[in-house]
Number of protein chains: 2
Amino acid sequence: MTPPRQPHRPPVRTGGIPPSVAFLLSQLGFEVGKEMGRALEDAVGLEPRQFGLLRLLADAEGHSQRALGETLRIPPNRMVTLVDALERKGLIERRTHPEDRRAYAVSLTAAGSAALETAFKAAFAVEAEICAPLSAEERTQLLGLLTKLAQAQLERGGGVPGVHPGMSTA
Amino acid sequence: MTPPRQPHRPPVRTGGIPPSVAFLLSQLGFEVGKEMGRALEDAVGLEPRQFGLLRLLADAEGHSQRALGETLRIPPNRMVTLVDALERKGLIERRTHPEDRRAYAVSLTAAGSAALETAFKAAFAVEAEICAPLSAEERTQLLGLLTKLAQAQLERGGGVPGVHPGMSTA
DNA sequence: TATTGTTATACTCTATAACTATA
DNA sequence: TATAGTTATAGAGTATAACAATA
């Protein structure tokens with residue numbers, strides 16, 4: 001008889017891929033994004049998109065849902081549930097729009113500003129953890145190189161400055 | 001009467017975010033991943049995950065679906081539809097497993113190898129486009145820094161070498 | 001009894017298209 | 001007639017649990 005069977009072992013990647021900036025960027029970006037999402041969830045119970053809207057509101061108060069959604073590349077129907085959730089948490093509020101009674105003027109509450117501050121701290125902690133393997137010089141170098149790539153991406157018409165592309169469909 | 005109304009204008013991001021490696025990585029990684037996906041789709045009609053499985057098969061032939069899925073972090077039920085799709089395209093085949101009649105030995109076909117080669121060319125083209133804004137030295141620098149971060153990520157137990165984390169849930 | 005592949009089901013997320021009230 | 005917000009419906013993608021064949 002044959003000896004007791006063990007489950008099929010997974011094949012080991014020999015790693016026969018030539019070093020690629022594109023692959024590493026995509027791979028690392030995905031991991032970092034997940035880690036950031038976990039940190040925000042743990043620290044303030046915010047989803048990445050909720051964090052994104054709060055960040056935008058800190059810069060631009062009193063705009064309509066449509067205007068906000070246009071910047072974030074989020075369609076109107078999804079803006080409803082997004083604003084609903086944050087309003088239910090008491091972090092933002094729908095006030096009457098001064099010039100248009102169809103629209104809401106969306107703005108941060110005091111609790112929302114506080115939550116945003118806490119969220120930023122959590123984000124900085126992730127930033128520090130991510131960059132831990134790098135020296136200060138290396139981090140500055142990397143920051144410069146990534147900024148250059150992001151700049152080129154923008155000039156090709158890819159995305160909105162400071163807005164994560166995953167806001168639109170993630 | 002009031003003058004004709006124009007739609008609410010979207011707020012402009014002032015960009016008040018401190019420069020962050022984590023944010024830039026996540027943002028750029030997302031964009032690059034999308035671009036890579038489009039390129040593969042256009043060149044060979046492959047989804048990113050299909051490309052990932054073909055790449056793995058090029059390194060490790062004749063393994064069971066479960067073993068492959070374990071490496072790629074793809075659960076068995078999704079492996080079925082993934083293998084189905086590629087088999088329907090004629091790029092891989094399910095052969096009888098030499099030691100286990102429950103399992104299939106999954107392997108590349110000649111057409112699969114050809115498709116993989118074409119896909120790699122498309123990927124290299126994206127790599128070149130992404131890195132266009134950088135000098136040769138800068139690209140080497142960036143490659144080194146990203147590799148360092150990826151290495152640290154691996155040592156923290158995050159992921160499988162050479163396997164994109166988006167394979168598991170994307 | 002455990003494992004390979006498969007299928008069925010429910011659940012989440014998203015996109016499309018309507019609908020209301022205002023302009 | 002067009003816009004802001006909302007709702008309803010259907011579709012894609014995923015996870016969970018069961019299933020038949022084989023070990």
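In this text, all values refer to a predicted model and were calculated from it rather than measured experimentally. The sequence lines fix the lettering, A, B, ..., with proteins before strands; numbering per chain opens at 1.
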### Message
OP1 or OP2 of D:dA2 versus the side-chain N and O atoms of A:Arg66: is any pair under 4.0 Å?
### Response
no
A:Tyr104 OH to D:dT6 C1', in whole Å, measures 9 Å
Taking atom types as they are modelled, would you say the side chain of A:Arg101 forms a donor-acceptor pair with the base of C:dT22 within the 3.5 Å cutoff?
no
When rounded to whole Å, the CZ to P distance for the pair A:Arg95 and D:dG5 reads 14 Å
To the nearest angstrom, the NE2-P distance between B:His97 and C:dT4 comes to 10 Å
Those residues at least two apart in sequence (or on a different chain) that pass side-chain contact (heavy atoms from CB on, under 4.5 Å) with A:Glu47 are A:Gln50
Query raised in the report: Mind checking whether B:Leu56 and A:Pro11 have side chains closer than 4.5 Å, heavy atoms only?
Result: yes
Rounded to whole Å, the CD-C1' distance (B:Glu47 to D:dA12) equals 11 Å
Could you tell me whether the side chains of B:Thr96 and B:Arg101 share a donor-acceptor contact shorter than 3.5 Å? no
Short N-O contact, B:Lys121 and B:Glu127, less than 4.0 angstrom: no
Quick one, B:Phe51 and B:Leu116 - any side-chain contact, counting heavy atoms below 4.5 Å?
yes
**Prompt:** Judged by modelled atom types alone, do A:His164 and B:Ser26 share a side-chain donor-acceptor pair under 3.5 Å?
**Reply:** yes
In whole angstroms, the gap separating C1' of C:dT4 from CD of B:Glu70 amounts to 13 Å
What residues 80-94 of chain A contributes to the DNA chain D interface at heavy-atom separation below 4.0 Å is A:Val80, A:Arg94
Whole-Å distance, B:Gln65 CD to C:dT3 P, equals 17 Å
When rounded to whole Å, the CD1 to P distance for the pair A:Ile74 and D:dA4 reads 16 Å
Would you call A:Leu57 and A:Leu86 a side-chain contact if the rule is heavy atoms closer than 4.5 Å?
no
Here the distance between atom C1' of C:dC13 and atom CE of A:Met79, to the nearest Å, is 17 Å
Per atom distances to the A:Arg102 side chain, the nearest of D:dG5, D:dG13, C:dT22 is C:dT22
Sort me out a list of protein N/O and nucleotides 15-18 of chain C N/O pairs below 3.5 Å, or just none if empty.
unit_1: C:dA15; atom_1: OP1; unit_2: A:Thr169; atom_2: OG1; d: 3.1
unit_1: C:dA15; atom_1: OP2; unit_2: A:Arg78; atom_2: NE; d: 3.3
unit_1: C:dT16; atom_1: O4; unit_2: A:Asn77; atom_2: ND2; d: 2.5

Distance col, row B:Leu72:CG vs B:Leu82:CG, nearest 0.5 angstrom, shows 8.0 Å
Does one hydrophobic cluster hold both A:Phe124 and A:Met36, with members joined at side-chain heavy-atom distances below 4.5 Å? yes
